[in-house]
K.L.:
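Dumping the structure here so I can ask a few things about it.
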Protein chains: 2
Amino acid sequence: MKSEAIPAILKKYKLKVTPVRIAVLRVLIDSDTAMSHADIAQLLSDQHFDKVTLYRTLSHFTEKGIVHKVATEDRSWLYAVLAENNADIATDKTHAHFICDDCDKIFCFPIDEGSGQSVKSMKKGFLVKELEIRLHGVCPSCQ
Amino acid sequence: MKSEAIPAILKKYKLKVTPVRIAVLRVLIDSDTAMSHADIAQLLSDQHFDKVTLYRTLSHFTEKGIVHKVATEDRSWLYAVLAENNADIATDKTHAHFICDDCDKIFCFPIDEGSGQSVKSMKKGFLVKELEIRLHGVCPSCQ
DNA sequence: ACGCCAAATGCAACTTAGTTGCAATAGAAA
DNA sequence: TTTCTATTGCAACTAAGTTGCATTTGGCGT
């Protein structure tokens, strides 16, 4: 993605364009996997942003729908940009998370509507609004 | 479930029969939803078990496969007994978690093998070993 | 270009869920 | 009953994330 595009995304979501936001959004867009607060802080450590600012940046992005977050098995959050901001990555409503048991990376990708339908109707009395599918296994680069 | 059955389950999994374990297992078997450490501590508060003992009891149960755990959206764990110990509840490998957006309770139930298959083969290069499906919506008692 | 002000930032202190180390205790096998 | 290992309880600790508050700054109106 071109550098100029990043401020444009922030403006589109009515967020002020600041150095932290540009840096964090670039990192997320460039990543092929969902990233934790710690991952991002590590990558941006030379710019010494405050950890609280990073948390708040990520939660602003989540509220606005620029990114979405996934709870991991070790009580932390991973963040990944949503489809309209990066064509490679899944949309919000129906998507799968692939968790590599080897490298612990989480990949998001869209699934076809159909594969969820059989599940949605399976238990009487439960009204299903949203669906998340989690797959555990081994990613291509760890095989 | 009859009271005498609980020590039998513990013995079956080669765990010593102790008061904490009997109490915790009974609570889990009697519940129709997955429960947190805090939920269980609350219910057993009159017996003043140490919180560390409860954590260790739950992780022993998980290691032995008596219960399984689900990560929640608020970075904590919920526990539910597995099928062989309670016919109403899902098996480990292929099951769904229904999260009620109203009362936040999590229900587990089994799904037919078929509904996962279409997802498992969807992205080339990813070797899928396990599948978890999460459904968000409204449970029968909140409608 | 300038000033204003709500929004954003940085710092310190705090919260919450869960973990570790260790000494004391208690199942259950012999 | 004795013994031995697993289990328990307590205190201190860790890691991820949050809150309060004073300071700074992006971007709008003029």
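Every chain is numbered from 1, with letters handed out A, B, ... down the list of sequences.
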K.L.:
Nearest-Å distance, NZ (A:Lys16) to P (C:dA8)?
P.N.:
6 Å
K.L.:
Where is the tightest heavy-atom contact between B:Gly65 and B:Tyr13, given as atom of each residue plus distance?
P.N.:
O-OH, 4.2 Å
K.L.:
Quick check for you: among D:dA15, C:dG27, D:dC10, whose closest atom lies nearest to any side-chain atom of A:Arg75?
P.N.:
D:dA15
K.L.:
Tell me whether A:Phe49 is reachable from A:Leu25 by hopping between hydrophobic residues (I, L, V, M, F, W, Y) whose side-chain heavy atoms are closer than 4.5 Å.
P.N.:
yes
K.L.:
Group every Ile, Leu, Val, Met, Phe, Trp and Tyr by side-chain heavy-atom contacts under 4.5 Å, then state whether B:Ile106 and B:Leu43 land in the same group.
P.N.:
no
K.L.:
Kindly say if A:Arg56 contacts the phosphate of C:dA8, meaning a side-chain N or O under 4.0 Å from OP1 or OP2.
P.N.:
no
K.L.:
Please report, rounded to the nearest Å, how far the P atom of D:dG26 is from the CD1 atom of A:Ile22.
P.N.:
10 Å
K.L.:
Which whole-number value in Å describes the distance from A:His37 NE2 to D:dA16 C1'?
P.N.:
9 Å
K.L.:
Expressed in angstrom and rounded to an integer, what is the separation of A:Leu54 atom CG from D:dT18 atom C1'?
P.N.:
14 Å
K.L.:
Between B:Thr18 and B:Lys51, which has a closest nucleotide on DNA chain C that is more 5'?
P.N.:
B:Lys51
K.L.:
Is the distance between the ring centroids of A:Phe61 and A:Tyr79 less than 6.0 Å?
P.N.:
no
K.L.:
Output the rounded distance in Å from CG (A:Asp50) to P (D:dT18).
P.N.:
14 Å
K.L.:
Tell me which nucleotide among D:dG9, C:dG18, D:dG17 gets nearest to the side chain of B:Trp77.
P.N.:
C:dG18
K.L.:
Taking atom C1' of C:dA8 as reference, at what distance in whole Å does atom CG of A:Leu10 sit?
P.N.:
13 Å
K.L.:
Have a look at A:Ser76 and say if it touches a base, only the backbone sugar-phosphate, or nothing, with a 4.0 Å heavy-atom cut-off.
P.N.:
sugar-phosphate
K.L.:
May I have the distance from A:Tyr55 (atom OH) to C:dT16 (atom C1'), rounded to whole angstrom?
P.N.:
13 Å
K.L.:
What integer distance in Å separates A:Asp74:CG from D:dA15:P?
P.N.:
12 Å
